[in-house]
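These notes are about the structure you will find just below.
Please read all numbers here as calculations on a predicted model, not as lab measurements. Basis for what follows: all heavy atoms, side chains included, without hydrogens, waters or symmetry-related copies.
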Amino acid sequence: MTTATPDLHLCIATGQNLANLIPALQCDAREVWILETPAMQHSARHLADALKARKIAVKRIPFADQDVTTLQAQAAGVAEKLDGRAVTINLSGGTKLMTLALTGTLAEHLATGTASCQPHLLYTDTQQHRLDWLRPTPRSEPMLDVLKLNDVLLTQGYRRHDGSGGAEAAHWHRQAETRSQLTRFMGDNAKRLGRFFGTLNAIAHRALNQPNGPWRPEQHLDFPAGGAAADLLRQAATAGILSWNEQTELVLNNPEAAEYLGGGWVEEYAGLKISGMRPADWAPRLKIESVVGHASNELDAAVVHGNRLLLVECKAAMVRDNNVADWIYKASQLAHSVGGQLARPLLLSARQISNEARQRGRDYGVDILSAEELSTLPQYLAGWMRA
């Protein structure tokens with residue numbers, strides 16, 4: 001259980017602001033003062049947005065850091081603003097010189113007050129998942145699971161785009177549930193169905209006939225389907241995806257069905273497995289945009305557990321090493337931009353990925369599950385959630 005600490009927090013805006021947000025939530029802060037250097041103004045704004053979304057009062061304080069004399073003067077000025085109030089000082093952000101200024105000037109100044117107003121000094125160890133208290137009594141406590149997906153997005157400078165995650169997500173969940181048996185069959189039998197996935201991709205592409213149409217629901221197989229492929233088509237017919245004459249002719253029921261067969265099923269497979277693991281928070285097909293610059297992205301699935309983000313990228317297209325290199329690079333960059341340094345990207349591919357591409361994934365810190373490995377997704381998720 002968290003020991004009672006001052007509900008006013010003082011922190012330094014940093015590029016890894018989850019280390020500031022987590023203790024504020026865990027310790028039930030009512031107000032947070034954010035010291036922002038000129039280089040960290042955007043970062044301070046993002047942290048303030050996340051705190052305000054949690055109904056925590058925020059004060060942003062400009063904090064010049066050009067030299068030690070200025071830092072000491074700034075710290076003394078903050079002490080005057082506090083005017084004897086008890087405060088929790090989070091030392092996780094900023095440079096070493098800024099930390100020394102806060103401990104050597106601000107904390108020492110506050111320590112001259114009454115016992116009830118002694119500063120509490122805190123360091124957030126995100127690697128070890130604990131809060132380390134330096135004052136008034138040295139101690140450590142486990143980091144609680146306090147973050148939701150929206151906390152991570154806002155802190156990192158992102159927000160949901162056009163209400164993404166509301167009615168749209170509810171529709172996605174309903175659709176995924178209606179064809180969950182088919183989806184699980186496809187993912188659990190990916191090794192046997194690998195080549196037929198290419199056929200489905202081609203059929204979906206021809207039916208959608210994008211970008212200008214027209215919609216072409218009637219499609220033909222080159223050869224009659226048999227074995228696992230025939231089982232898939234029969235289950236797809238039962239699920240209302242298509243009709244099939246047990247030979248080479250089939251009719252897709254609507255464009256959404258084509259998108260599902262063309263690769264959307266991988267996203268739904270991931271979603272079914274993620275939902276079954278009951279993480280702290282997650283969302284499928286999440287559209288986000290950056291607060292600064294308004295760049296938009298769509299995340300196939302984003303999972304938050306243990307105050308960490310798992311970003312899942314789903315692919316069913318034919319695998320070529322240059323395509324995979326792009327997938328890996330994008331997943332790595334986006335995961336750490338959206339989730340910070342503890343974020344983990346996961347690439348799911350219905351088609352087999354080469355050893356060379358897997359090595360590239362390891363180089364970029366991207367985990368890969370492909371083809372028959374899709375069925376091991378629950379075990380992967382369990383390991384990630386325990387980490």
Q.
Count I, L, V, M, F, W, Y as connected when their side-chain heavy atoms are under 4.5 Å apart, and connections chain through other members. Are Ile89 and Tyr123 then in the same cluster?
A. no
Q | Interatomic spacing from CD in Gln156 to OG in Ser337 - rounded to 0.5 Å | A | 7.0 Å
(Q) So, taking the atom named CG in Asn17 and the one named SG in Cys11, what distance separates them when rounded to the nearest 0.5 Å? (A) 6.5 Å
Q. Would a 4.5 Å heavy-atom cut-off, applied to side chains only, mark Arg351 and Asn201 as touching?
A. yes
Q.
Using the ring-ring contact (aromatic ring centres under 6.0 Å, His included) criterion, which residues pair with His173? Sequence neighbours excluded.
A. Trp282
Q: Apply the test side chain to side chain contact (heavy atoms under 4.5 Å, CB included) to residues Val304 and Lys148: give CA-CA distance (whole Å), side-chain angles for both, the deciding distance (0.1 Å), then the verdict.
A: CA-CA 6 Å; Val304 170; Lys148 301 296 184 182; 5.9 Å; no
Q: Classify the ring geometry between Trp265 and Tyr269 as parallel (under 30°), tilted (30 to 60°) or perpendicular (over 60°).
A: perpendicular
Q. When you measure from the side chain of Ser332 to the backbone N and O of Tyr329, does any donor-acceptor pair fall under 3.5 Å?
A. no
Q.
Would you say that Trp215 contacts Leu208 through its side chain, given a criterion of any heavy-atom pair below 4.5 Å between the two side chains?
A. yes
Q) Any donor and acceptor pair, going by atom type alone, linking the side chain of Glu267 with main-chain N or O of Asp300 inside 3.5 Å? A) no
Q: Measure the OG-CG distance between Ser349 and Asn323 for me, rounded to the nearest 0.5 Å.
A: 10.5 Å
Q: Check whether NZ of the Lys or CZ of the Arg Arg308 lies under 6.0 Å from the centre of the six-membered ring of Trp384 and within 45 degrees of that ring's axis.
A: yes
Q) Do other residues, nucleotides or ligands put more than 12 heavy atoms under 6.0 Å from the CD atom of Glu218? A) no
Q: Looking only at non-hydrogen atoms, find the nearest pair between Val266 and Cys314 and report the distance.
A: CG1-CB, 3.7 Å
Q: Indicate yes or no for a side-chain donor-acceptor contact from Ser92 to the backbone of Thr124 under 3.5 Å, with no hydrogens or angles considered.
A: yes
Q) Between Arg30 and Asp7, is there a side-chain N and carboxylate O pair less than 4.0 Å apart? A) yes
Q. Taking all atoms of both residues into account, what is the closest heavy-atom pair of Ala239 and Arg179, and its distance?
A. CB-CB, 4.2 Å
Q: Please confirm whether the backbone N or O of Glu268 pairs with a side-chain atom of Thr183, one donor and one acceptor, at under 3.5 Å?
A: no
Q) Would you call Leu25 and Asp151 a side-chain contact if the rule is heavy atoms closer than 4.5 Å? A) yes
Q) Would Leu121 and Ile12 show up in the same hydrophobic cluster when neighbours are defined by side-chain heavy atoms closer than 4.5 Å? A) yes
Q: Using a 4.5 Å cut-off on heavy atoms from C-beta on, say whether the side chain of Leu250 contacts that of Leu221.
A: yes
Q) So, does Gln74 use its side chain to make a donor-acceptor pair with the main chain of Leu71 at under 3.5 Å? A) no
Q) Do Glu259 and Arg285 sit within salt-bridge range, that is, some charged N less than 4.0 Å from a carboxylate O? A) no
(Q) Looking at every non-hydrogen atom in both residues, tell me the closest pair between Ala190 and Ala371 and how far apart they are. (A) CB-O, 3.3 Å
Q) Between Asp367 and Leu346, is there a donor-acceptor pair closer than 3.5 Å when you use the side chain of the first and the backbone of the second? A) no
Q. Taking all non-hydrogen atoms of both residues, which atom of Met143 and which atom of Thr126 are closest, and how far apart?
A. CE-CA, 4.0 Å
(Q) Counting C-beta onward and ignoring hydrogens, is there a side-chain heavy-atom pair between Thr88 and Leu10 closer than 4.5 Å? (A) no
Q: Check whether Leu232 and Val251 end up in the same hydrophobic cluster, where Ile, Leu, Val, Met, Phe, Trp and Tyr are linked by side-chain heavy atoms less than 4.5 Å apart.
A: no
Q. Between Gln352 and Glu372, does a side chain to side chain contact (heavy atoms under 4.5 Å, CB included) hold up when you go through it step by step?
A. CA-CA 8 Å; Gln352 190 62 255; Glu372 68 271 17; 3.4 Å; yes
Q | Candidate list Arg60, Arg45, Lys59, test salt bridge (charged side-chain N to carboxylate O under 4.0 Å, His left out), partner Glu36, passing option | A | Arg60
**Q.** Verify same cluster id: Leu154, Leu286 (apolar side-chain graph, 4.5 Å)
**A.** no
Q: Specify the closest pair of heavy atoms between Gly93 and Thr99, including all atoms of both residues, with the distance to one decimal.
A: O-OG1, 3.9 Å
(Q) Can you tell me how far apart CG (Asp188) and OG (Ser375) are? Round to the nearest 0.5 Å. (A) 6.0 Å
Q.
For the CD1 atom of Ile328 and the CD1 atom of Ile353, what is their distance to the nearest 0.5 Å?
A. 6.5 Å
Q: Find out whether Val338 and Leu153 are in side-chain contact, i.e. whether some heavy atom of one side chain is under 4.5 Å from a heavy atom of the other.
A: yes
Q.
Between Thr376 (side chain only) and Gln379 (backbone N and O only), is there a donor and an acceptor less than 3.5 Å apart?
A. no
Q. Passes side chain to side chain donor-acceptor pair (under 3.5 Å), Arg135 versus Thr103? Steps please.
A. CA-CA 10 Å; Arg135 284 190 186 181; Thr103 55; over 6 Å; no
Q. Got a sec: does the CD of Gln181 have more than 12 other heavy atoms crowding it under 6.0 Å?
A. no
Q. Do Leu193 and Phe185 come close enough that some side-chain heavy atom pair is under 4.5 Å?
A. yes
Q: Locate the shortest heavy-atom distance separating Ala207 from Leu252; write the atom from each residue and the value.
A: CB-CD1, 3.5 Å
Q: Begin from the C-alpha positions of Met98 and Leu35 and carry the test side chain to side chain contact (heavy atoms under 4.5 Å, CB included) through to its verdict.
A: CA-CA 10 Å; Met98 293 176 70; Leu35 305 182; 5.6 Å; no
Q.
Under a 3.5 Å distance rule, please check whether Asn189 uses its side chain to pair with a backbone N or O of Arg192 as donor and acceptor.
A. no
Q) What distance do Glu249 atom CD and Trp244 atom CH2 have between them, rounded to the nearest 0.5 Å? A) 12.0 Å
Q) Where do Ile241 and Leu261 land on the side chain to side chain contact (heavy atoms under 4.5 Å, CB included) test, with the steps shown first? A) CA-CA 9 Å; Ile241 301 294; Leu261 291 176; 3.8 Å; yes
(Q) Tell me if a side-chain donor or acceptor on Asp145 pairs with a main-chain N or O of Gly306 at a distance below 3.5 Å. (A) yes
Q. Is it the case that one hydrophobic cluster holds both Val152 and Val146, taking links as side-chain heavy atoms less than 4.5 Å apart, direct or via other members?
A. yes
Q.
For a 4.5 angstrom cut-off between non-hydrogen side-chain atoms, does Val291 reach His46?
A. yes
Q) Is the shortest side-chain N to carboxylate O distance from Asp363 to Arg360 below 4.0 Å? A) no
